[in-house]
Amino acid sequence: MSQTPREDFRAAAHTAADLVADYLGAVASRPVWQPTDDAAREHLLTAPLPAAGRPLEELLSAIGSEVMPYPMGNGHPRFFGWVNSAPAPAGVLATLAASAMNPSSAGGDHADVHLERTVVRWIAELVGFPHEPGAGILTSGTSMATVLCLAAARNRAAQRAGWDVREDGLAGMPPLVAYVTGETHSCVRKAAELLGLGSRRLRTVPTDADGHLDVAELRKAVAADRAEGLLPFLVAASAGTVNTGAVDPLDAVADLCGEEGLWLHVDGAYGAFGVLDPAIAHRYSGMERADSLALDPHKWLGVPVDCGCALVRDAAGLRATFSLVPPYLRDEEAGGLGWFSEYGMEQTRPFRSLKVWATIAHRGRDGVAADIARCTALARHLGQLVEDDPELELVAPVETSIVAFRHRAPGLPDAEADAVNRDLPLAVQRRGRAFVTGTVLGGREALRACLLNAATTEEDLAVLLDEVRAAAAGLVTQRHG
Ligand SMILES: *Cc1c(COP(=O)(O)O)cnc(C)c1O
């Protein structure tokens, strides 16, 4: 198959540029989200395999009319759902160039590989994590970064116990125990299960009322497990939980991990970049003491999906976990760091670093920090609006840029009010003017608004609350029958 662009490529590329610029330019004036209409959904689902090809211009027009009208909604300044950001325009452009080069960033001497070393160093510097060359890698997201970090932690613990997991597996080894909280993201459990640790050996440590890991309880749990002959090896703390944005007391957790010889893993997928806001940076104290930090440039930084990152303290340990290159054959190019494929699961790896480079380089450190600070300020403002509103209540303090709140549903018994709050996110979404998602906190249904978009205005926040009140009024009326 010939892949050399024909002369029609340049014209189509210009059309594509216009299509994308028009799309991004119009996002804010469209509904945030709307259900895919039935005919369009059917068309997307049942498209037959085409026997004959079509010209590029025709494909672009199909993308414009059949695909782009049905976005997820992130990108709109009134999208507050989950943890999905608007794409950074510089990152969007870089994606095109990266795919034109289309390297495998597994390793070697080409620009993408060198650029990845640099953007990993930049990410570490942005979040204040100590960095030695080689001690980090871009991944598909934090879920994969967590697998890498926990694998390195597991292998270190096994080695200390005189065990070679890579040769012998886990069977017969004293059972390893890891510590999480009820607010820990499910990717930690997925990784623990995948790595053969067993979710039964994942201890859920109690939290305080606002969802922070309780260090005294952690200390007790570790002691109890040691007394049973088990091998505590890892604590997974959060630098911004997905439910409320709570940051665990990282310094105190790091102290305990130091005393007990435990690996401290910090999940900063959503929240790590919050440390760039001087107003909340103090909450992150201790993050820089972690053995590993997983974070997502594709969240708060706005790097187009996908891009996660694993940062580790010990580059050699991560390499020893994954490398299949015998030490005597290890490539001494690039300062002896070898290939990225020796530090993780992926062999053929996409050119993620260019969109990270572009996203950060476009705003600069100061611009990135200003965007982060704007989001946290907007979140505090939204929190204040909620507190001042007799119909609404905050269900957690606003620590980073997530606001968790409820509608009081006056006049309804608790269970009914809970049902209203459960149904509220979809009711708000369907109205098309704002997008918010829900969660369960302390057994109660709640809404959570995650602010990641520096283009959001205070007026947008007022619209969000108007929409919540209006949608709730509809639901309450229905319940009153
Ligand atoms: C999004 C998220 C994850 C999972 O990361 P992916 O990039 O979706 O794999 C883990 N932890 C937290 C706190 C998150 O917000």
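Note that these values count all heavy atoms, side chains included, but never hydrogens, waters or copies made by symmetry. As the structure lists them, so they are numbered: ligands from 1, and atoms in each ligand from 1.
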key: S140, any N or O under 3.5 Å of ligand 1 N or O   = no

query = Do E193 and K190 sit within salt-bridge range, that is, some charged N less than 4.0 Å from a carboxylate O?
reply = no

ask   = Of all the non-hydrogen atoms in the protein, which one sits nearest to atom 9 (O) of ligand 1, and at what distance?
value = S143 OG, 2.6 Å

inquiry  = Does M345 have more than 12 heavy atoms from other residues, nucleotides or ligands lying within 6.0 Å of its CE?
reply    = no

message = Counting non-hydrogen protein atoms only, what is the nearest one to atom 11 (N) of ligand 1? Give residue, atom name and distance.
response = D267 OD2, 2.6 Å

ask   = G240 heavy atoms, cut-off 4.0 Å: which ligand 1 atoms fall inside?
value = 13 (C)

note = Numbered in order shown, the ligand 1 atoms found under 4.0 Å of a heavy atom of H298 are 7 (O)

request  = Could you pull out all residues at least two apart from A379 that satisfy side-chain contact (heavy atoms from CB on, under 4.5 Å)?
outcome  = V398, S401, V403, L451

message = Could you work out, for atom 2 (C) of ligand 1, the closest of K190, K299, H185 by heavy-atom distance?
response = K299

inquiry  = Under a 3.5 Å threshold, yes or no: a donor from one side chain and an acceptor from the other, between T376 and D277?
reply    = yes

request  = For residues 278-292, pull every pair meeting side-chain hydrogen bond (donor to acceptor under 3.5 Å, both in side chains), keeping only residues two or more places apart or in separate chains.
outcome  = D251-S285, D251-R289, D255-R289, W263-S292, H265-S292

inquiry  = Looking at D466 and R469, is there a salt bridge between them, counting it only when a charged N and a carboxylate O are closer than 4.0 Å?
reply    = yes

ask   = Just which atoms of ligand 1 are under 4.0 Å from any heavy atom in Y270?
value = 15 (O)

inquiry  = Please list the nearest protein heavy atom to atom 7 (O) of ligand 1 with its residue and the distance rounded to 0.1 Å.
reply    = D296 OD2, 2.6 Å

request  = Kindly confirm or rule out a cation-pi arrangement of R201 over Y179, judged by NZ or CZ under 6.0 Å from the six-membered ring centre and within 45° of its axis?
outcome  = no

Ligand-residue contact atoms, ligand 1 with C187, heavy atoms, under 4.0 Å = 10 (C)

